[in-house]
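To find a chain, count down the sequence lines: A is the first, B the second, and so on, and within it residues start at 1. All values below were derived from every heavy atom in this structure, side-chain atoms included, with hydrogens, water molecules and symmetry-related copies excluded.
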Amino acid sequence: MVPQYGIKCAVNLITTHFGDHVAKVCECLLRKGPLTLQATVRFTELTSSQVKNCLLVLIQHNCVQAFVLEQSVEHGDAAKTNTQYIALFDNIIHRWRFTKFLTIVSQNLDKQLIENKKETNFKSGKSKANSKSINQRLTLKQMSDRAKSVQNEGDDVILDAVQEAFIKLLNAHFIERCPASEPVLTNPTKQEVSARKRAAKSAKIFEEQETLEQRVMEAAAPSEALRFLLVAQAEPAADGGKDETNSSIVTPGEKRKYDSLESETEYGAADEQVVLWRANFEEFIRRLRHKACVENVKTRLDDGAVTVLKAMLEATRSTEKKVKTDNSVPLSLNSIYEEVIKSEEGRNITFDRVRAALIQLSCPPLVKAANESYSIDFKKIIELAQNEEVESIVLKRYGRDAYRMFRLLSNSGHLLETDKIADATFVEKKETPKILYKLWKDDYLQMEKLQVTGAKRLSQFLLWKVNKNILREHVLDEMFHAALNLVQRVAFELEQEKEMLNIPRDKLLIRQRKVRLLLESAHMKLDDAIMLFHDF
Amino acid sequence: MGVSTGPQWRITKLHVQLSACQRLDAKGTLRPTLISLFTSSQPPIKTAHQSPPPCSVRATHLLPSSCRQATKSRMSAKRKRPGPASDSVVTEHEKTVHEVIRSKKDMGASQWEMKREINVADNIITKCIKSLLSKNLIKEVKSIQSRGRKHYMSAEFEPSSEITGGAWYVEGSLDTEYINVLKEQCWRKIYGMKVATLEGIADALKRSNVSQIELSKQQVEEIVKALVLDNQVMEVKSTGTGEFASIPVGKVCYKCIGKRGYGGEPKLGALASIPCGACPQISRCTPDGIISPNTCVYYQKWLEF
């Protein structure tokens, strides 16, 4: 479920980038869930063409995905189909993170790539690769046009550079083929649902119910074999002119979109040959997750342990099937050692040092050892980082006594009575209920009342508990709230500066720079914490 | 120094040794060392409820408050003169009041509770209590449950931990000063040993005579667990290898956390490092409300360069 302030942040982002109408359509989809075009028009009270254009923009920027929902057939009737649109909350929020993604690319590939590639893909969403050959006109043309406007070199040189960059990005999985424009989803029949439930029950597996968004994205995604495949395709002959006509409406930085919103007759056969590319957010989030794990271990252990962890991450990254993997693929000590000595920091590390580092990493159990193999426990590292984040808030907001109480309840995982908490945390018995009540009022704790009938009188006991799942959602919402506050304050400061006419310009500029730096760096740091709770 | 068994001898001995102590680092180590002097000159105290040894008035301010209070009451009790012979006779009312108090055993009773049980006027109960106190048949005890009300107990009983609050409470209040001294000493022992079991920590504390009162294993465990809650120390299980080589596999032990010293603050989180993280009004803050990021005083302060 998307937190309330998460929706507000997303709407704020879309408003800033695309204006009020697009934001209105986006907010409608975020709050009401998937809707048809007609329903969207009804709820937003915009005209049909306005809504169409807004959806066009959102789809081109990967913020909305269209899909066709085939409704179940009864009594031999034809299946009902309608095109619906679902907002992709995660992709909207990723728009905050372009700078981080660019940093990852620059750290992993040549710096030149930054100039040639990413801005087009990120800001515009999709960049069309002509289906014919590696010198696909539209994609390379868009990139080379941009490169030409910046660099003073010959066309061939630029084309080669852009092509090389494109291939490097593809090999690193930083870009991928776009998903299908309108995948078809069928509602499972009653028998299929009950069969699935029986299978899960007998296997004693808890199956998380897939959300509709997950089902849509799964249906739309290209197969793994095709996802990062660059295939040379035939040149569109008769449609070359039309392509140019179409490409003329695409200015550098904008996208092309092929779906039912545009007239299908314009593209015809060339449509099937055209491959659309986009940034692979999954890979970027994976890299950021690994980075967060390394940062967390750095605060606990020495450089040797950090180097070994980095090596293990490097060695197992390509085998991860999904971002939120619980454990890495197991590696033997020899494999780990070979990976460690490849890196600059690990060049001089001995085999024994690697072994000692692995023992260090097992306490607390950040790395699990089994049958002479070692695997990283991502779930544990992320959980520790989340706990630290929440405990830090409790310490800052409610004080040290509350911090101890919160940690006691969080570690115990079950209900504890007030006096027991007072005894364990060395807080006065009279003060303890006041502190616990404050935490409960702000939704950091759950409370239950227990009434016990004794020999002569009724005694009431208060029991307290931390519910980690509920708390995580609550803290995430607070983080989105804080992020929105930071963004709003930046805008406020800029407006205020326009009115500060009595202050000398140079002083104003210095203050403006300091304020923006502080607010924006705080925002980026807070975004790391948001990813910790939402994406990792 | 002459040999004498009176209080004067003890005071003289303390004075000589105090000068030596004062050359030591006073920060945190003077008190433990001073406390240890009493351990060496007097037999150790088994529980907090027994009377601590007498001490020089000059030095009492360095003792834990538990010793201070008990010493004061013991010394003032010594000055009491025996009352007239007629005070030993217990009246009927006094007997009734005494029975009620005695029936409560180690929980004691307040005047209000006595009034509820026996239908006697308040002033009579007050008079009876005063008389029974002077005859040492009952005593006044501090209750953490009702600090405002006086609590009375029959002289033969010791107050239960429900009344006193437990070993860490003195006169109805938590002895935070003493607890903090013990916590720091525990941390230093663990830091010195790198990895320590509970037994190892208890032994180390005992050998260094940090506390005048001998701490039970349970009390040491309570202190160590408080350090865990403070995030100063972490609880781990021995793997039997590396730094755990001397500890049996699976045994619970303790290590100091990270690279910060005692009392160091944990790393500040992302949300906690901005005004919204510490704000108690965040749930009331809205973009256009009275409390908003544009009107926020915490933001104003944060952005003042």
Side-chain angles (χ1 to χ4, degrees), chain A residues 8 12 299-301 356 359-360 362-364 388-398 400 403-405 407-408 411 422-430 438 442-443 475 478-479 481-482 484-489 491-493 510-511 514-515 518-519 522-523 525-530 532, chain B residues 144-145 147 161-162 165-166 168-169 172-176 179-180 183 195 222-223 225-226 228-231 234-239 241-244 255 257-259 265-280 282-283 285-287 292-296 299 302-303 305:
Chain A
K8 289 182 185 181
N12 179 273
T299 60
R300 298 170 192 282
L301 302 173
I359 292 172
Q360 262 187 298
S362 67
C363 176
E388 277 171 10
E389 189 63 47
V390 179
E391 287 164 11
S392 186
I393 299 166
V394 171
L395 177 62
K396 197 77 197 277
R397 212 181 270 178
Y398 305 102
R400 195 149 265 284
Y403 175 73
R404 278 202 296 278
M405 289 180 200
R407 276 177 56 79
L408 173 70
N411 294 342
D423 288 339
T425 56
F426 290 119
V427 176
E428 290 274 5
K429 286 192 159 86
K430 286 287 181 192
K438 262 190 228 167
D442 292 342
D443 296 322
V475 168
E478 280 193 355
M479 286 179 172
H481 189 168
L484 188 63
N485 284 353
L486 284 166
V487 166
Q488 193 171 335
R489 187 71 194 206
F492 174 74
E493 289 291 329
I510 290 169
R511 188 187 176 274
K514 278 185 181 170
V515 164
L518 181 63
L519 290 170
H523 186 208
K525 194 177 167 193
L526 185 59
D527 183 55
D528 287 343
I530 288 173
L532 192 63
Chain B
I144 57 153
Q145 288 165 355
R147 276 211 249 177
S161 57
E162 254 183 83
W168 304 108
Y169 279 78
S173 294
L174 196 63
D175 198 348
T176 44
I179 291 164
N180 288 336
K183 276 165 77 176
V195 179
E222 286 173 12
I223 292 287
K225 286 210 185 292
V228 170
L229 294 178
D230 275 328
N231 212 3
M234 65 171 149
E235 185 179 292
V236 293
K237 280 206 173 130
S238 169
T239 56
T241 57
E243 57 191 350
F244 301 102
K255 283 173 65 166
I257 281 183
K259 302 158 189 176
E265 293 281 315
K267 183 184 141 201
L268 202 58
L271 183 53
S273 60
I274 63 175
C276 304
C279 181
I282 188 168
S283 56
C285 170
T286 54
S292 76
N294 298 349
T295 57
C296 179
Y299 260 99
W302 188 45
L303 297 173
F305 293 108

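- Looking at B:I282, both its backbone and its side chain come within 4.5 Å of chain A, counting heavy atoms on both sides.
- Annotation: side chain to side chain donor-acceptor pair (under 3.5 Å) contacts of B:K225 (sequence neighbours excluded): B:E235.
- For the pair B:Y169 and A:K429, the tightest heavy-atom approach, listed with the atom from each and the gap, is OH-N, 3.2 Å.
- Between A:A424 and B:L229 the shortest heavy-atom distance is O-CD1, 3.7 Å.
- Heavy atoms of A:A356 lying under 4.5 Å from chain B are absent altogether.
- Of the listed residues (B:C285, B:S283, B:G242), the one with the most heavy-atom contacts under 4.5 Å to chain A is B:C285.
- Using modelled atom types and a 3.5 Å distance limit, the side chains of B:N231 and A:Y403 yield a donor-acceptor pair.
- For the side chain to side chain contact (heavy atoms under 4.5 Å, CB included) criterion with A:N485, the lone passing option out of B:C279, B:P293, B:P287 is B:P293.
- With respect to B:D230 and A:R407, no salt bridge is recorded, no charged nitrogen being found less than 4.0 Å from a carboxylate O.
- Taking all atoms of both residues into account, the shortest heavy-atom contact from B:L303 to A:R511 is O-NH2, 3.7 Å.
- Annotation for A:I393 and B:G277: closest pair CG2-O, 3.8 Å, computed over non-hydrogen atoms.
- Among A:R400, A:Q360, A:E478, the residue making the largest number of heavy-atom pairs under 4.5 Å with chain B is A:R400.
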Decide side chain to side chain contact (heavy atoms under 4.5 Å, CB included) for A:F426 and B:I223; before the verdict, give the C-alpha distance in whole Å, the side-chain angles of both, and the deciding distance to 0.1 Å.
-> CA-CA 9 Å; A:F426 290 119; B:I223 292 287; 4.0 Å; yes
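- When the candidates A:V475, A:L519, A:L484, A:D527 are compared by the number of heavy-atom contacts under 4.5 Å with chain B, A:L519 comes out ahead.
- When side chains are defined from C-beta on, B:C276 does not count as touching A:H481, because their heavy atoms never get closer than 4.5 Å.
- Across all non-hydrogen atoms, the minimal contact from B:G269 to A:S392 is N-OG, 2.8 Å.
- Using a 4.0 Å cut-off between charged nitrogen and carboxylate oxygen, A:K396 and B:E265 do not count as a salt-bridge pair.
- Other residues, nucleotides and ligands contribute over 12 non-hydrogen atoms within 6.0 Å of the NZ atom of A:K525.
- Between chain B and the options A:V394, A:T425, A:V427, heavy-atom pairs under 4.5 Å are most frequent for A:V427.
- The contact between A:L486 and chain B is made by backbone and side chain atoms together, counting heavy-atom distances below 4.5 Å.
- Judged by distance alone, the side chain of A:Q488 and the main-chain N or O of B:N294 form no donor-acceptor pair under 3.5 Å.
- For A:E493, the part sitting under 4.5 Å from any heavy atom of chain B is the side chain, from C-beta outward, and nothing else.
- Both the backbone and the side chain of A:L408 come within contact range of chain B, with heavy atoms under 4.5 Å apart.
- B:C296 contributes atom SG, which lies 11.0 Å from atom CZ of A:F492 (distance to the nearest 0.5 angstrom).
- Under the side chain to side chain donor-acceptor pair (under 3.5 Å) criterion, B:E243 pairs with B:K255, sequence neighbours left out.
- Taking every heavy atom of both residues into account, A:E389 and B:L271 meet most closely at OE2-N, 3.1 Å.
- Contacts of B:I274 with chain A are made by side-chain atoms alone, with heavy-atom separations under 4.5 Å and no backbone atom involved.
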